[in-house]
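We number each residue from 1, following the sequence as shown.
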Amino acid sequence: MLGAERSTLSELAKMTAASQAERTVLEEEFNWLLKEEVHAVLKQLQDILKEASRRFSMPSPGLEGQLKQENFILGSSTMDQVKGVLTLQGEALTQADINIKVTKSSQVMHFAFRDDKQWKLQQIQDARNHVNQALQLLSSRDESYHFKTGAEVNKLMDAIMLQLTRARNRLTTPASMTLPELAASGLMKMFTPPMPGDVMVNFYINLSKLCLTVYQLHVLQPNTTKNFKPAGSSVLHNPGAMFEYNNTKFEVSHVHKVECVVPWLNDTLVFFTISLQLCQQLKDKLNAHERKWEVRDFFLSPDLYELGACQ
């Protein structure tokens, strides 16, 4: 009996020594991860997001600080009902030159932004702000900063990923609007000659595309308003949608959507995807290391030893 106890104690001593050696290896691995790999990933993220931020404010060659103006031709798949050229300068549409063919009369109407007006694209502005917030989070943890726990790194990754997800969502998910909101929008006051009361337009970003939607309307007569059903909020309203504005009821008769690809917006979406993947990969490594500790602690727990000794 005594010999069996001595054998058990010897086994426990060996296991304790092995446990200590394994613990040392795990600690060295984890310290290397916190000190070296985490900062390597943060540097990589910072480089990528600086490049993304630069895309939002690309200066003209030879003109330091002045944003480059880019012209985009709007393409249509609806029998050339709408044609136009848009001038984009960073987050602002500085000029829009639009021709709209009125469906019922085939008359072509021409509109352009007034010289004293430009239209801010809030989606681009918001996305840029989220990228800059992510960069601020990264700059708060420079190479001299020592992370003490995996939870601390995970918290930073979650904060960065939140900003990047919000930035991406602003470009991939245009804001919904009701038709009265669109009618009351400042966009309707941007043009010369002024937009007629039976035409409305909307600009928005969808992924890497700059989109223009044109709504042609007709006034509902009082005797037809018994079936009036106001349309709700949407990115794109379909023909038949009804709304009331300034005590007049309207119905959308025709909708034309035209768009153009903005290459640098596509670049930024790629940068967001790569950055989010880097954050998640780092979190996965830290979580895998923590699971190693959990497994080790389970198999080397005193309760497990006592159970083995009793058997």
Before giving the answer on side chain to side chain contact (heavy atoms under 4.5 Å, CB included), spell out for L187 and V201 the whole-Å C-alpha distance, their side-chain angles and the decisive distance to 0.1 Å. CA-CA 8 Å; L187 187 58; V201 299; 4.1 Å; yes
Go through the side-chain N and O atoms of [X] and [Y] and say whether any donor and acceptor fall under 3.5 Å apart.
X    : Y    : answer
Q133 : Q136 : no
N206 : T172 : no
T213 : N202 : no
D284 : Q280 : yes

Under a 4.5 Å cut-off applied to non-hydrogen side-chain atoms, are [X] and [Y] in contact?
X    : Y    : answer
V262 : S208 : no
R128 : E91  : yes
V235 : Y204 : yes
L45  : V41  : yes
K50  : L135 : yes
P180 : F243 : yes
L74  : V85  : no
F113 : T87  : no

Spell out, as yes or no, whether a donor-acceptor pair under 3.5 Å connects the side chain of [X] to the backbone of [Y].
X    : Y    : answer
E152 : K148 : yes
E181 : T178 : yes
Q81  : K101 : yes
T248 : E244 : no
S53  : L49  : no
S140 : L137 : yes

Counting only heavy atoms not in D115, do more than 12 sit closer than 6.0 Å to its CG atom?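 It does not: D115 CG has 12 such atoms or fewer within range.
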Looking at K209, I'd like to know if its NZ atom is crowded, meaning that more than 12 non-hydrogen atoms belonging to other residues, nucleotides or ligands lie closer than 6.0 Å.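 Open.
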So how far is it from [X] [atom1] to [Y] [atom2], rounded to the nearest 0.5 Å?
X    : Y    : atom1 : atom2 : value
K43  : L138 : NZ    : CG    : 11.0 Å
R54  : D267 : CZ    : CG    : 9.5 Å
H130 : Q125 : NE2   : CD    : 11.0 Å
S234 : L182 : OG    : CG    : 11.0 Å
L164 : T268 : CG    : OG1   : 11.0 Å
I73  : D97  : CD1   : CG    : 11.5 Å

Could you walk me through whether I124 and I205 pass side chain to side chain contact (heavy atoms under 4.5 Å, CB included), step by step? CA-CA 8 Å; I124 294 179; I205 300 295; 4.0 Å; yes
Taking all non-hydrogen atoms of both residues into account, name the closest pair between [X] and [Y] and its distance.
X    : Y    : result
A52  : V131 : CB-CG1, 4.5 Å
G186 : W119 : C-CZ3, 3.7 Å
K189 : K117 : O-CE, 4.3 Å
H237 : A241 : CB-CB, 4.3 Å
L121 : L88  : CD1-CD1, 3.7 Å
Y215 : L236 : OH-CA, 3.6 Å

Where do H218 and D198 land on the side chain to side chain contact (heavy atoms under 4.5 Å, CB included) test, with the steps shown first? CA-CA 6 Å; H218 71 261; D198 59 353; over 6 Å; no
List the steps, then state whether ring-ring contact (aromatic ring centres under 6.0 Å, His included) holds for Y245 with F250. CA-CA 8 Å; Y245 184 67; F250 296 90; 7.5 Å; no
What do the steps show when you test Q122 against R170 for side chain to side chain contact (heavy atoms under 4.5 Å, CB included), and what is the final call? CA-CA 9 Å; Q122 192 65 43; R170 286 302 285 131; 4.1 Å; yes
Hphob cluster co-occupancy, [X] + [Y], side-chain heavy atoms under 4.5 angstrom:
X    : Y    : answer
F272 : V270 : yes
F191 : M109 : yes
V252 : V219 : yes

Does R55 come within less than 4.0 Å of E51, counting only side-chain N to carboxylate O?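 E51 and R55: salt-bridged.
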Can you list everything that forms a side chain to side chain donor-acceptor pair (under 3.5 Å) with Q281? Sequence neighbours excluded, please.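 Applying side chain to side chain donor-acceptor pair (under 3.5 Å) to Q281 gives none.
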Quick one, R166 with D126, criterion salt bridge (Lys or Arg N to Asp or Glu O under 4.0 Å). Give me CA distance, side-chain angles, the key distance, then yes/no. CA-CA 9 Å; R166 285 175 174 172; D126 290 347; over 6 Å; no
